[in-house]
Visitor: 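One structure is given below, represented as structure tokens, and several questions about it will come after.
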Amino acid sequence: MTMSVSPRRVSAALVWLALLAVGCGDNQPQASYVFRPGSAKVAVNTPALRAQKAAAGIANCPPSDAHTLAGADSLPDVTLPCLGGGRDVHLAGLSGIPSVVNFWAQTCGPCRDESPLLQQFHQAAGARVRVIGIDWQDPQPDRAIAFAQELGLTYPQIADPDAATREPMHIGGLPLTAFVDASGTIVHAKYGPVTSVDQLAGLVSDYLGVHVRVAGGR
């Protein structure tokens with residue numbers, strides 16, 4: 001009997017074999033993490049930041065299921081605050097619609113070039129694909145919001161000032177973009193910047209099965 005295997009699943013398996021190879025010395029499951037504002041070194045939800053976020057027109061963070069258990073191929077069991085105020089997000093509980101999750105920082109040069117492409121895709125995709133930014137290991141959330149405002153980024157932004165996602169996502173540098181299907185499974189991870197909106201739309205089509213036509217693309 002011959003079994004057929006989805007190319008997408010094969011690709012996902014290869015991606016995560018590569019990721020596991022990076023952390024091959026650690027066979028222990030990752031511990032859960034919840035951001036605690038009272039003990040945090042960086043405040044990401046203050047009256048000034050809330051006002052700044054509102055002025056920038058950044059969307060609210062999406063709902064997530066706090067009780068979803070992280071799987072081997074899912075986003076990690078990490079609960080992070082919404083940048084500039086809003087609901088907390090349990091990454092492993094993001095499901096329901098396909099998502100493009102981009103890890104970035106306002107100090108990252110390639111992120112500056114890439115972010116407008118994510119915004120362009122976000123506007124074209126609407127509710128069909130969720131685009132989320134994660135401001136990673138950033139001690140200056142006000143500058144992160146200013147970065148988003150300067151570039152016209154309106155998709156939701158999560159804050160990870162303590163880099164809690166470093167080990168489970170194997171982040172060694174930025175940017176990193178994870179493509180997450182509607183069940184919450186990471187089906188592809190792209191290290192390094194997206195260089196065109198056509199490339200991004202192609203990755204979404206290939207790995208998430210959603211075809212988005214972006215105005216201005218080739």
Side-chain angles (χ1 to χ4, degrees), residues 32-66 75-97 99-166 169 171 174-178 180 193-194 197 200 214-215:
S32 61
Y33 168 91
V34 177
F35 180 83
R36 305 292 184 190
S39 58
K41 296 178 181 178
V42 179
V44 299
N45 180 5
T46 66
L49 290 174
R50 291 195 291 271
Q52 187 183 8
K53 175 179 178 175
I58 299 172
N60 291 326
C61 288
S64 59
D65 187 346
L75 289 168
D77 186 13
V78 169
T79 300
L80 298 172
C82 197
L83 179 64
R87 61 169 67 90
D88 290 348
V89 179
H90 181 224
L91 297 186
L94 284 171
S95 61
I97 62 173
S99 300
V100 174
V101 183
N102 178 255
F103 295 78
W104 67 282
Q106 46 89 11
T107 54
C108 163
C111 300
R112 175 172 288 275
D113 297 329
E114 176 188 65
S115 294
L117 304 176
L118 290 160
Q119 174 65 24
Q120 192 176 353
F121 180 83
H122 163 65
Q123 291 176 310
R128 299 170 63 199
V129 180
R130 179 168 47 203
V131 177
I132 303 171
I134 298 184
D135 181 33
W136 194 79
Q137 200 176 22
D138 189 349
Q140 297 177 301
D142 57 330
R143 292 195 177 186
I145 296 175
F147 176 102
Q149 185 170 23
E150 177 188 349
L151 297 179
L153 311 181
T154 60
Y155 51 89
Q157 299 291 344
I158 298 169
D160 184 11
D162 294 333
T165 53
R166 182 197 301 275
M169 292 301 297
I171 300 176
L174 298 174
L176 160 65
T177 303
V180 184
V194 169
V197 71
L200 179 55
V214 184

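Predicted model only: the values in this text are computed from it and were never measured. Only heavy atoms go into these numbers, but all of them, side chains included; no hydrogens, no water, no symmetry mates. Position 1 is the first residue of the sequence; numbering continues from there.
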Visitor: If every non-hydrogen atom of Pro175 is compared with every non-hydrogen atom of Cys111, which pair is closest and at what distance?
Guide: CB-SG, 3.8 Å
Visitor: Restricting to non-hydrogen atoms, name the atom on Ala144 and the atom on Leu83 that form the minimum distance, rounded to 0.1 Å.
Guide: CB-CD2, 4.1 Å
Visitor: Measure the spacing between CD1 of Ile134 and OG1 of Thr177 and express it to the nearest 0.5 Å.
Guide: 10.5 Å
Visitor: Do His90 side-chain atoms and Thr79 backbone N/O form a donor-acceptor pair below 3.5 Å?
Guide: no
Visitor: Do the side chains of Val180 and Leu75 get nearer than 4.5 Å, heavy atoms only?
Guide: yes
Visitor: Under the salt bridge (charged side-chain N to carboxylate O under 4.0 Å, His left out) definition, can you give me all pairs with a residue in residues 119-140, not counting sequence neighbours?
Guide: none
Visitor: Do Leu153 and Leu118 come within less than 4.5 Å of each other through their side chains, counting heavy atoms only?
Guide: no
Visitor: CZ/Phe103 to CD1/Ile132 distance, rounded to the nearest 0.5 angstrom?
Guide: 9.5 Å
Visitor: With rounding to the nearest 0.5 angstrom, report the CD to CG distance, Glu114 to Leu151.
Guide: 11.5 Å
Visitor: Between Asp160 and Thr165, is there a donor-acceptor pair closer than 3.5 Å when you use the side chain of the first and the backbone of the second?
Guide: yes
Visitor: Among Gln157, Arg87, Lys53, find the residue that satisfies the side-chain contact (heavy atoms from CB on, under 4.5 Å) test when tested with Cys82.
Guide: Lys53
Visitor: Do Val129 and Val100 have side-chain heavy atoms sitting under 4.5 Å apart?
Guide: yes
Visitor: What pairs meet the side-chain hydrogen bond (donor to acceptor under 3.5 Å, both in side chains) rule with one or both residues in residues 145-155, with sequence neighbours excluded?
Guide: Arg112-Glu150, Gln119-Thr154
Visitor: Do the side chains of Val214 and Leu200 get nearer than 4.5 Å, heavy atoms only?
Guide: no
Visitor: Tell me the closest heavy-atom pair linking Leu174 and Ala105, and the distance in Å.
Guide: CD1-CB, 3.6 Å
Visitor: Could you check whether atom CZ of Arg50 has more than 12 heavy atoms from other residues, nucleotides or ligands sitting under 6.0 Å from it?
Guide: yes
Visitor: Minimum heavy-atom separation for Ile145 to Ala56, with atom names?
Guide: CG2-CB, 4.3 Å
Visitor: Would you say that Pro161 contacts Pro141 through its side chain, given a criterion of any heavy-atom pair below 4.5 Å between the two side chains?
Guide: no
Visitor: Can you tell me how far apart CG (Asp162) and NZ (Lys41) are? Round to the nearest 0.5 Å.
Guide: 7.5 Å
Visitor: Please find the pair of heavy atoms, one from Pro81 and one from Val44, that lie closest to each other, and give the distance.
Guide: CG-CG2, 3.5 Å
Visitor: Over all heavy atoms of both residues, which pair between Ala159 and Leu80 is shortest? Give the atoms and the distance, please.
Guide: O-CB, 3.4 Å
Visitor: What distance separates Ile158 CD1 from Phe35 CZ, expressed to the nearest 0.5 Å?
Guide: 13.0 Å
Visitor: Does Asp113 have any side-chain contact (heavy atoms from CB on, under 4.5 Å) partners at least two apart in sequence or in another chain, and if so, which?
Guide: none
Visitor: State the CH2-CG distance between Trp136 and Asn102, to the nearest 0.5 angstrom.
Guide: 13.0 Å
